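Please read the structure below before turning to the comments.
Because the structure is a prediction, the values reported are computed rather than measured.
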Amino acid sequence: GTDINLGAISIAVKRLLEEKVNPNPKDEEGLTILTSISDLFFDCDFDEISWSEALEEEKQTLELLRSHGAKMTKELV
């Protein structure tokens with residue numbers, strides 16, 4: 001398993017979306033939050049995730065972001 005605090009990430013994401021924050025600014029590494037969290041959870045981008053291996057909370061967190069218009073870094077070209 002990983003040392004990621006899934007609960008904290010999931011809460012942070014929900015809070016972000018509740019505040020209607022734009023989910024697509026890039027971080028200091030030039031990544032969007034969707035790509036960043038996908039990479040954190042699965043070591044790959046959102047479109048490369050094997051959902052069969054995903055935990056329910058991981059899936060919900062990423063799908064919540066996606067449903068609010070979050071994009072992968074490569075979609076923002």
Side-chain angles (χ1 to χ4, degrees):
T2 58
D3 299 330
I4 298 164
N5 186 337
L6 193 53
I9 291 174
S10 136
I11 289 164
V13 164
K14 289 187 182 115
R15 193 169 293 152
L16 189 76
L17 296 172
E18 275 164 15
E19 291 173 11
K20 309 272 189 288
V21 174
N22 169 10
N24 292 314
K26 295 181 180 178
D27 64 17
E28 58 275 7
E29 290 171 34
L31 302 175
T32 61
I33 188 169
L34 186 67
T35 293
S36 205
I37 293 179
S38 299
D39 190 59
L40 195 63
F41 289 168
F42 302 105
D43 288 321
C44 65
D45 209 342
F46 180 74
D47 60 352
E48 296 160 354
I49 293 169
S50 310
W51 292 110
S52 57
E53 297 167 25
L55 298 173
E56 192 55 40
E57 197 169 7
E58 292 173 334
K59 190 174 175 199
Q60 282 174 354
T61 299
L62 287 165
E63 287 184 339
L64 185 67
L65 272 168
R66 192 61 166 163
S67 68
H68 281 77
K71 296 192 179 349
M72 292 177 278
T73 307
K74 61 189 170 196
E75 289 179 294
L76 291 180
V77 177

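- When each of Asp39, Asp27, Thr35 is checked for a side-chain hydrogen bond (donor to acceptor under 3.5 Å, both in side chains) with Thr73, only Thr35 meets the rule.
- Note on Leu34: it clusters hydrophobically with Val21, by side-chain heavy-atom contacts below 4.5 Å among ILVMFWY residues.
- Remark: Ser52 pairs with Ser50 by the side chain to side chain contact (heavy atoms under 4.5 Å, CB included) rule, at least two apart or across chains.
- Once rounded to the nearest 0.5 Å, the distance linking CD of Gln60 with OG of Ser67 reads 11.0 Å.
- Among pairs with a residue in residues 11-21, those fulfilling side-chain hydrogen bond (donor to acceptor under 3.5 Å, both in side chains) read Ser10-Lys14, at least two apart in sequence or across chains.
- Across all non-hydrogen atoms, the minimal contact from Gly69 to Pro23 is C-CG, 4.1 Å.
- Distance CG/Leu64 to CG/Leu16: 10.0 Å, rounded to 0.5 Å.
- Residues satisfying the side chain to side chain contact (heavy atoms under 4.5 Å, CB included) criterion with Glu75, sequence neighbours excluded, are Arg66, Lys71, Met72.
- Applying the side chain to side chain contact (heavy atoms under 4.5 Å, CB included) rule to Leu55 yields the partners Leu6, Glu58; only residues at least two apart in sequence or on another chain are considered.
- Residue pairs that meet the ring pair (Phe, Tyr, Trp, His ring centres under 6.0 Å) test with at least one member in residues 53-77, sequence neighbours left out, do not exist here.
- Between the CG atom in Leu40 and the CD1 atom in Ile9 there is a gap of 4.5 Å [rounded to 0.5 Å].
- With sequence neighbours left out, Ile49 forms a side chain to side chain contact (heavy atoms under 4.5 Å, CB included) with Ser38, Phe42, Cys44, Phe46, Trp51, Leu62.
- With sequence neighbours left out, the salt bridge (charged side-chain N to carboxylate O under 4.0 Å, His left out) criterion links Asp47 to Lys74.
- For the side chain to side chain donor-acceptor pair (under 3.5 Å) test, no residue two or more places apart in sequence or in another chain qualifies with Asn24.
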